[in-house]
Amino acid sequence: QVRLVESGGGLVQAGDSLRLSCAGSGRTFSSDGVGWFRRTPGKEREFVAAITYSGSNTYYADSVKGRFTISRDNTKNTVYLQMNNLVPGDTAVYYCAARPMSWPATASNEYAYWGQGTQVTVSS
């Protein structure tokens with residue numbers, strides 16, 4: 001089992017940047033597909049980005065393409081989400097999730113492990 005802990009959220013202004021981190025513990029998740037999702041009150045969890053175990057393939061929601069970059073450092077058991085040019089519509093709780101020994105997916109129910117989330121608030 002892997003435990004995931006997100007960090008790096010905060011309150012920023014539109015146009016600013018943030019880098020979220022997702023640190024895994026308990027076992028290495030270097031063989032897992034990892035995704036980032038976000039949720040706002042009253043809405044379903046939304047896919048943001050995903051990365052394969054090696055980092056060679058990445059996937060993005062259309063709403064963040066060109067602004068967000070997902071990456072990973074398997075030596076640190078950590079996945080990152082670099083978010084640039086943030087807009088108020090990016091305000092949400094951001095979660096990372098791991099899909100053991102599998103290609104990443106865009107559907108949240110494909111993931112077995114989840115972090116507790118980190119709040120990102122973008123003011124206009």
Side-chain angles (χ1 to χ4, degrees):
Q1 187 169 349
V2 62
R3 178 171 177 259
L4 304 176
V5 178
E6 302 95 336
S7 62
L11 171 63
V12 297
Q13 293 186 329
D16 286 350
S17 298
L18 280 175
R19 188 176 81 156
L20 305 184
S21 298
C22 172
S25 63
R27 67 164 179 81
T28 179
F29 69 152
S30 60
S31 298
D32 300 349
V34 175
W36 283 97
F37 291 79
R38 64 188 183 187
R39 183 162 59 190
T40 54
K43 291 188 176 181
E44 295 292 321
R45 201 168 284 181
E46 174 190 23
F47 169 75
V48 176
I51 190 167
T52 53
Y53 69 96
S54 66
S56 60
N57 294 80
T58 57
Y59 306 89
Y60 297 95
D62 288 342
S63 58
V64 307
K65 204 171 291 184
R67 300 187 299 121
F68 291 12
T69 303
I70 188 171
S71 62
R72 68 191 301 163
D73 184 343
N74 286 337
T75 66
K76 296 182 179 179
N77 223 30
T78 301
V79 173
Y80 305 98
L81 185 67
Q82 177 67 43
M83 306 187 295
N84 297 331
N85 194 21
L86 286 160
V87 299
D90 294 320
T91 296
V93 178
Y94 283 72
Y95 301 86
C96 67
R99 194 166 186 238
M101 304 293 288
S102 299
W103 207 256
T106 59
S108 61
N109 61 5
E110 296 285 347
Y111 289 82
Y113 301 110
W114 291 84
Q116 83 290 345
T118 185
Q119 176 72 47
V120 171
T121 304
V122 184
S123 64
S124 56

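Only heavy atoms go into these numbers, but all of them, side chains included; no hydrogens, no water, no symmetry mates. Counting from 1, the numbers follow the sequence of the chain as shown. What you see is a predicted model; the values in this text were computed from it and never measured.
With hydrogens and angles disregarded, a donor-acceptor distance shorter than 3.5 Å links the side chain of Arg99 to the backbone of Glu110. Using a distance-only test at 3.5 Å, with no hydrogens or angles considered, a donor-acceptor pair links the side chain of Asn77 to the main chain of Gly24.
The number of heavy atoms from other shown groups lying within 6.0 Å of CZ (Arg67) is above 12.
Stacking of Arg45 on the aromatic ring of Trp114 is recorded, both the 6.0 Å distance cut-off and the 45° axial limit being met. Taking the centre and axis of the six-membered ring of Tyr80, the NZ or CZ atom of Arg19 falls inside the cone set by 45° and 6.0 Å.
Within the hydrophobic cluster formed by Ile, Leu, Val, Met, Phe, Trp and Tyr side chains joined at under 4.5 Å, directly or through other members, Tyr53 stands alone, with no partner residue. The hydrophobic cluster containing Val87, built from Ile/Leu/Val/Met/Phe/Trp/Tyr side-chain heavy atoms closer than 4.5 Å, comprises no other residue.
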| message | Evaluate Thr78 against Asp73 for side-chain hydrogen bond (donor to acceptor under 3.5 Å, both in side chains), listing each step before the verdict. | response | CA-CA 5 Å; Thr78 301; Asp73 184 343; over 6 Å; no

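The CZ atom of Phe68 sits 5.5 Å away from the CZ atom of Arg38 when rounded to the nearest 0.5 Å.
The shortest distance between side-chain heavy atoms of Val48 and Leu81 falls below 4.5 Å. In this structure, Tyr59 and Asn57 have side chains that are in contact, with non-hydrogen atoms separated by less than 4.5 Å. Counting heavy atoms from C-beta on, the side chains of Ile70 and Tyr60 come closer than 4.5 Å.
A continuous path of ILVMFWY side-chain contacts below 4.5 Å connects Trp36 to Val2, so both sit in one hydrophobic cluster.
When ring centroids are compared, Tyr95 and Phe37 stay outside the 6.0 Å threshold.
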Just distance, no hydrogens or angles: give the donor-acceptor pairs under 3.5 Å from side chains in residues 117-124, sequence neighbours left out.
from, atom 1, to, atom 2, distance (Å)
Thr118, OG1, Gly9, N, 3.2
Gln119, NE2, Ala92, O, 3.4
Gln119, NE2, Thr121, OG1, 3.3
Ser123, OG, Val12, O, 3.3

